[in-house]
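Just so it is clear, the values below take in all heavy atoms, side chains as well, and ignore hydrogens, waters and symmetry mates. Labels below follow one simple rule: chain letters A, B, ... track the order of the sequence lines, proteins then strands, and each chain is numbered from 1.
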Amino acid sequence: SAMAPGKKITARIKRTLPVKGPQAPTLRELMRWYCLNTNTHGCRRIVVSRGRLRRVIWILLTLSAVGLILWQCALLLKNYYSASVSVTVQFQKLPFPAVTICNINPYKYSAMKDYLSELDKETKKALETFYGFSEGKSKVRRSVDEWNSTGSDFFKQIPLLKFEDFSNTATDLRSGQKRKIEGDVFHKDSSIVNSGDSNDIIGFQLCDANNSSECALYTFSSGVNAIQEWYKLHYMNIMAQIPLETKEKLSYSADDLLLTCFFDGLSCDKRHFTRFHHPLHGNCYIFNSGENGTILSTSTAGSEYGLQVVLYIDEADYNPFLVTSTGAKIIVHDQNEYPFIEDIGTEIETAAATSIGMHFTRSRKLSKPYSDCTETGADIPVENLYNKSYSLQICLHSCFQKAMVDSCGCAQYAQPLPAGAEYCNYKKNPNWMYCYYKLHEKFVKEQLGCQQICKDACSFKEWELTTSIAQWPSTASEDWMLRVLSWDKGQKLNKKLNKTDLANLMVFYKDLNERSISENPTNTIVTLLSNFGGQLGLWMSCSVVCVIEIVEVFFIDSLSIVMRHQWQKAKKWWNNRKGDRSGKPPQAEDLERQGHDNPVCIDEDLPTFNTALRLPLPQDSPLPRTPPPNYSTLRLKTAFTEQLPDTLDVGQH
Amino acid sequence: MNLKKYFVRALHRLQKGPGYTYKELLVWYCDNTNTHGPKRIIKEGPKKKLIWFFLTLLFASLVFWQWGILINTYLSYNVTSSLSIGFKTMKFPAVTVCNANPFKYSEVKYLLTDLDRLIEAALERILQPTPGNSNESSSPPLNLELWYQIPLVLIDEHDKDNPVILDIFESNQTAAGNQNSADNQTAADDQITCSHPGSDNCTYRNFSSAAQAVTEWYVLQFTSILSKVPLQERIRMGYQAEDMILACLYGAEPCNYKNFTQIYHPDHGNCYIFNWGMDEEALNSSNPGAEFGLKLILDISQQDYIPYLSSAAGARLMLHQQKSFPFLKDQGIYAMAGTETSIGVLVDELERMGYPYSDCTMNGSDVPVKNLYSQYNTSYSIQACLRSCFQNDMIEICGCGHYMFPLPEGANYCNNDDNPGWAYCYSLLRSSIRHRQICIDSCKETCNDTQYKMTISMADWPSEASEDWIFHILSYERDMSTNVTLDRNGIIKLNIYFQEYNYRTISESASTTIVWLLSNLGGQFGFWMGGSVLCLIEFGEIIIDSLWITVINMISWCKGLKQKRAQARYPDAPPTVSELAEAHTNPGFQHEDAGALPRDEALPPEPGTPPPNYDSLRVQPVGVLGPDSDAE
C-alpha cells in the first residue's frame, strides 16, 4: 500500500505478464520440444523417425538443406550489387551540341614574328647544320662564333645533339664539339624504332639547373620529331610570357576564320560563336556554346538543317615549325564540357566539304556501390581547374598540373592556371623543362597516382560522328564560288581566294533518335527478400518466423538453461562450503530436493544414498495436477510436464 | 417441408466448419493454419503471445507492402536488354549510289538558259557595283520575269534603324521599315520573298554571305522550273546507269549496272540501288573482309555539273535496309572523286518490344500520318513519316506540293506560274516551329531500328603509276572509243564490306513476367510468414466460415425475436427452437480435432457432456499462474 505508483504498475505487469525462463529442464528436452514444434520441415522428421539409420539420414538431409540455403543466400547477396543495362530510343527534338572550331595553326605567323624571329633563326640554323637544309636565296652561313655573339641562349638551355653512332659521344650543335654524354638516355620512341640500328640519332639534353651533373637525354629516331619537340619547348617558354589579351589579338578573329555560316536553314554570323582561347590552338570559336543561356536545338534531321560553315584557313600565314598540317580542327561536345581539342579533335581538310553526321547517345552508369564512378566529381580530391563540368580528362590534366606546381614551382602552359601559380618560363624557372620531362615520364608510367585518383564520370553524352568528304568547290562551280566568297570576305582582300584556303564543314544530325543507355540495379531489396524467401521455402519451408524461433531456442533458451545450470552448481557448491564450515553435514532434504527437481544435476552429484536409490526419475510434477492422458495429440500441445520452481530465480536475477 | 430439410442439411454440410463462435473459429484457425505466425500466438505464454501477435501483424503488413511494390514493378513494364556481338551470315545492306549533282548540265541547259544568264548578270552587279562596264547591250535582254517573283536585294545595315535596301537590277533605293534583323555587316546580300508581287506581304530572308544567298535563290528558282517537267523527262536528263556505274563486283561474282534498281530522287536525280530486295531475294554475305563485299567504280563526270546548284562534287551513297527508302540528305555520305573509299560495315540493330513496353510502331499502320513513300513500295520509317507530314501540311496550307517530296494523289508540285506565292508560303512553313513539333509528335519511331555503322577510310585512286591504263580501259568499256573520256575528277572507287564483327544486336525482353511476379510474391510471403496460396485459401475459408456464423447468428437472433413475440402470445415454445438446438448439438458440427477446442469460457453452453478440462495441459499460462501467484 505504501508502494509508489510506478512500482505498483511494474508489479502488476509482473503479475500479469510474468517473465519466465525456458520451460525445458535440459537442453535435450528443449531440442526435442523445438523439433516437434518448429515450423521448419526437417527437424520434426528427426524426432519422430524410428530407427537410428532413418534418424541419421534425416539429420544429414536437414543439415544439407541448411547448407544449401546458406550457400544460395550467400550467392544472392553476392549478386545483389549487379546492374542490368537498358537501352531506350526516343525520337524527339534534340539539343544541338556545341561545336568548337579551331584553326590548326594557333597564331598568325606574321603577327608572331616579333616573338619568334630569334627562335626561328636558330631552328633554321640547326636544320642547316644537321641536315644541310637551307632555304637558299639570302641564307648566309654564319660561323659558330658569330652565332654565339648573337647572345641567344636557346641552345644553351637545351642543347640539340647529334650522335654519330650509338656511342656515348655526341656533337653539340652550338660548339660543334664532340662530348661525352652522361646521365640517363631516354629514347622518346624507342619502342617503335630500334635505335641501335640507326646511325644518326638526334636528341636534346635536359639538365637539372641546380645540379648540373643530373641530366636526361631525350633522343628521337627522326629529326622531324626532335626539331618539333625542341621547338615546342621553346615556343611554350615564349608564349608563357605573353599576356592573354595580347595572345588573343595575335590569333585569328571570328571574321578571319568564318566566311559563311548557316544553321537550321537560317543565316548565322559571328555573334552565334563564342571565343575560347586554347593555349595550343589559339582562338577557337564555339558555336552554340550556351553562353547567353539559350541552347539551339534541331527539330529536323538532315544536312540542310545542321550547321554549315565555310572556314578561311590562311595557309600562307602558318608557323612552319610548330604545325605541319593544314586545315581546321573541330570537336563536338556538350555545352558543359571542356573541348579537349588537342586530344580528341577531328581534322578538317581544305578544298573539301566535310560532312559530319551525328548520332546522339546518352549513357548513364550507376555510381557506388555498383561501379566506381563519380556523379559530379565533388568526391575526387583533385581541384577542377577547368570551369566546366567534371570529366576524366579534366581530372587527369588538373592532377598533372597540380603535381607540376607542387614539384616544379610553376604551371605547364597547355593547362589552365591554378590559383596563385604562373606559367613556367625559363627566366623565372630555369629548371622547369627538366622537371616537366621527369614529371611527365612519371605521369605516363602512372607513378603520380593521378590515374588512381581520377574516376570516370557516371553520365556522359556522346555524339557519334560519321565523317565523309567531298570535293569542294566542284570544278564547275569553283569559279563563281571563289569570286563570291572573296567578295563576302570583304573588299580589303583584293586577291581572289584560293580554294586550298577554304574548308567547308557541315555538322548535322543523321537522325533525331536519342539513344540512352542506362544501368539499372538488377535487384531491389524486395526481390532479394523474395529470393531469400524462395530459397528458405524451397529447402525447409522456413520463414523469418523460423529464424526468430531458432534465435529464441538456440540462443536465448539454451543460454539460459546453461546459465541456470551453472547457477545451481554454484549455489550447491556454496551451500556445501557453508555446510563444511559450520560442520553440519549436508542435509538429506537439500540433496533430495536438488536431485529431485533438477535432473541435470544428478550426474554431477556425488552419489548419495538417496539419489542412488531413486532411479529412474519420477516424472510427476511438484504441483498437484490431473495426470495427462496419453494422447499423442495432447503430448504435442504440452510443452513440458516439468515445471521448475527456480524459473523465477533466473527471471529475477 | 422436404425441401427445407434438404436445404438445412446442405447448409450443415457446407458449414461443417470449426466452430460456432468467432473466437472458436479464430483459435482453430491459428492452431491449424500453415502460416507460421498465428500458431505461435496461441502456443506461447501471455507475454510471448503479445510479442507474437505484434510480430505476426508486422510480418503480414510487410508482406502486403512488398507485394504492392512487386505488383507496381510488374505494371511498369520494364525491359531488360541483351547485347550480342559477332559475325553471322547476314543480308548485305542495300546500297544506294547517286551523283551529288542531279542532272547533266548539257541536258538541262535549255531549261536554265534564262536563269543562268540572270544569275550571271546579278553576280556581275554584286561583284562590280559600278555600272557602265557591263556589256548588256551586246547580249539578248534578260528575262526579268523570274527576277520579279523572288528578287535578290542588298541590304546595307550601316544604319541599323534605317537599313537601305538595294535591288540589284534597279538602282532605286528603298528604306525598309519591316527589317527586323540587326545585321551589322557592311554589306549583306539578302533575298526577298513576296507572297504576291506588288503586295506588302513580304519577308526578307537574310544571309550574311552572298554565296549562301545565291545558292538558296538558285535552288528555289530551279525547283520551280523543274516541277513543270514530267518525270520521264527528268529521268532522261539525269545520269544513266551505264554511264555512271563502270564496274561492279560482288564477292567473286561480277555484276553490272543491270543489277541496280533505278529510283528517282528529287535531290540527286537518278539514284541506283544495289540489293534493294524488291524483285529478287536479298543477297547474303557470309564472309567478312573487302574481298567478299561490293566493289564499285563510278563516274560522276564533274564537268557536266550544274554550276550554281551544287558546289560539292562527289558521289552520294547510303547503306540502308532492304525495301526502305534512302533518305540521302539525312544518312548519306559523300565519296570523293579521285579516291578509293573503303567502308567497313557493322550492323547495329535494336529490337524493341512494342506496346506497352515502349512507344514504338511495328509497321507504321498506327501512325496518323499518311505515308506518301508507300508509293515506292517501301516500308515505314520515321524520316518517311516526317516528310509525308510536311508535304501534307504544305498541300493543305499552300495548295501545292514541294518538289522534294512525293505527291499524294490529286496534288501538283508548286511552280511560280500556277502558285505565285508558294516560295513565301514554303519558307513560312519551313521555319514554323509549331508545325515541326506537330509532325514530331505524331510520328513514331519504328520498333526495329537498324543502323549501319561505317568505318570509312580513303586513299588516292588510281595511283599515278596505274592511272593511264585504268582510264584507258574504263573509257574503252564505256564508250567503245580509244580516247580517254574519264579523268581523276570524275572517277570513284568504292569498297563496301562487312567487318570482322558484323552485327551488334540489342534486343529487349520483358524484365518482369507473370512467372517472375508469382515467384516473387511467393518468395515474399514465404520469407516473412512461410505462407503459400493454400494459406490464402485457408484464410478465405475462415472468412466464409465467419460469414456463416454471422448468418446463423442473425437467423437465430431473428428467430429468437420472433419466438419472443410468439411467446408473448403463446406461452409454449414452438418446435423451431428445438430444431435450432439440434443443429447446435449435431455431432456433424462437432469439430474433429478435440485437442483444438478452445477454453471453456469460449464454448457455448452445450447441453451435451462437457469435454474434459484439459485446458491446463494445452495452454500453458493457465497452469503457470499458480507458482507465479505464489511468488508474489
Side-chain angles (χ1 to χ4, degrees), chain A residues 15 17-18 20 39 84-87 89 91 93 260-262 265 267 269 299-304 353 355 466 468-477 480-481 483-485 487-488 510-511 513 526-527 529-534 536-537 541 543-545 623 628 633-634 637-639 643 648, chain B residues 36-37 45-47 59 66 69-70 79-81 100 123 126-127 206-212 214 302-303 305 307 311-314 329-331 333-334 336-337 350 382 430-431 436 440 445 449 454 456 489 506 519-520 522-524 526-530 595 617-618 620 626-628 631-632:
Chain A
R15 203 162 55 241
L17 298 170
K20 286 193 298 297
N39 283 311
S84 66
V85 171
S86 73
V87 181
V89 174
F91 176 80
K93 192 170 164 182
T260 74
C261 168
F262 207 59
S267 189
D269 56 41
S299 53
T300 314
S303 47
E304 49 198 316
S355 121
T466 310
S468 61
I469 301 172
Q471 195 183 328
W472 180 88
S474 64
T475 41
S477 63
W480 78 265
M481 191 57 117
R483 266 166 60 210
V484 176
L485 285 174
W487 183 82
D488 275 340
K510 282 206 295 190
D511 49 31
N513 287 344
V526 180
T527 50
L529 291 183
S530 305
N531 288 331
F532 275 179
L536 290 172
S541 172
S543 67
V544 171
V545 175
L623 292 170
T633 46
L634 289 174
K637 310 288 175 199
T638 32
Q643 280 305 315
L648 260 165
Chain B
H36 289 177
K47 189 171 269 181
F59 288 162
Q66 306 265 292
I69 294 175
L70 283 171
V79 289
T80 49
S81 308
L123 284 179
I126 294 169
L127 301 178
N206 291 15
F207 295 90
S208 54
S209 139
Q212 283 286 0
V214 168
Q302 218 187 118
Q303 304 82 8
Y305 266 42
S311 53
K329 281 242 161 149
D330 294 13
Q331 315 241 315
I333 58 164
Y334 281 109
M336 198 159 139
L350 182 66
I382 186 115
R430 185 177 139 136
S431 51
R436 283 194 200 178
I440 286 179
E445 65 265 49
D449 177 36
M454 295 175 279
I456 304 168
N489 279 330
I506 298 169
S519 74
N520 276 299
Q524 282 292 341
F527 182 71
W528 295 111
M529 299 185 77
L617 294 173
R618 189 161 52 81
Q620 212 54 51
D628 255 1
E632 280 295 312

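- Interface remark: of the candidates A/S86, A/S468, A/P473, A/C261, A/S468 forms the most heavy-atom pairs closer than 4.5 Å to chain B.
- Most heavy-atom pairs under 4.5 Å with chain B: of the set A/K93, A/Q471, A/M481, this distinction falls to A/Q471.
- Between chain B and the options A/T260, A/V526, A/V484, the largest number of non-hydrogen pairs under 4.5 Å is found for A/V526.
- Rounding to the nearest 0.5 angstrom, the gap separating the CZ atom in A/F91 from the CG atom in B/D449 is 11.5 Å.
- For chain B, the nearby part of A/S355 is the side chain; its heavy atoms alone come within less than 4.5 Å.
- Listed for the B/S81 side chain is a donor-acceptor partner under 3.5 Å among the backbone atoms of A/V87.
- Chain B forms more heavy-atom pairs under 4.5 Å with one residue of A/A301, A/G537, A/S84 than with any other, namely A/A301.
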Verdict with supporting geometry, B/I382 and A/D511, side chain to side chain contact (heavy atoms under 4.5 Å, CB included)
CA-CA 9 Å; B/I382 186 115; A/D511 49 31; 5.8 Å; no
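- Contacts of A/N513 with chain B are made by side-chain atoms alone, with heavy-atom separations under 4.5 Å and no backbone atom involved.
- Comparing A/S303, A/S474, A/A476 by heavy-atom pairs within less than 4.5 Å of chain B, the highest count is held by A/S474.
- Judged by distance alone, the side chain of A/W487 and the main-chain N or O of B/A210 form no donor-acceptor pair under 3.5 Å.
- A heavy-atom distance below 4.5 Å is not found between the side chains of A/I469 and B/Y334.
- When B/K329, B/Q66, B/M529 are compared by the number of non-hydrogen pairs under 4.5 Å with chain A, B/K329 comes out ahead.
- Using the six-membered ring where Trp is involved, B/F527 and A/F532 have ring planes that are tilted, between 30° and 60° apart.
- Of the atoms belonging to B/I333, heavy atoms from both backbone and side chain fall under 4.5 Å from chain A.
- To the nearest 0.5 Å, atoms OG (A/S543) and CD (B/Q524) are separated by 12.0 Å.
- Only the side chain of B/Q212 comes within contact range of chain A, judged by heavy atoms closer than 4.5 Å.
- Note: B/S311 leads B/S311, B/S431, B/G530, B/A312 in heavy-atom pairs under 4.5 Å with chain A.
- With a threshold of 4.5 angstrom between heavy atoms, A/S541 approaches chain B through its backbone and through its side chain.
- For a residue to count as touching a neighbouring chain, one of its non-hydrogen atoms must lie under 4.5 Å from one of that chain's; by this rule B/I506 touches chain A with the side chain only.
- Within the 4.5 angstrom heavy-atom criterion, atoms from both the backbone and the side chain of A/L529 approach chain B.
- Of all heavy-atom pairs spanning A/T300 and B/R436, the tightest one is OG1-CD, 3.5 Å.
- One distance of note links CG of A/D269 with OG of B/S209; it measures 11.5 Å at 0.5 Å rounding.
- In this structure the side chain of B/Q303 never reaches within 4.5 angstrom of the side chain of A/T475, judged on heavy atoms.
- Counting heavy-atom pairs closer than 4.5 Å to chain A, the top residue among B/G314, B/G526, B/A100 is B/G526.
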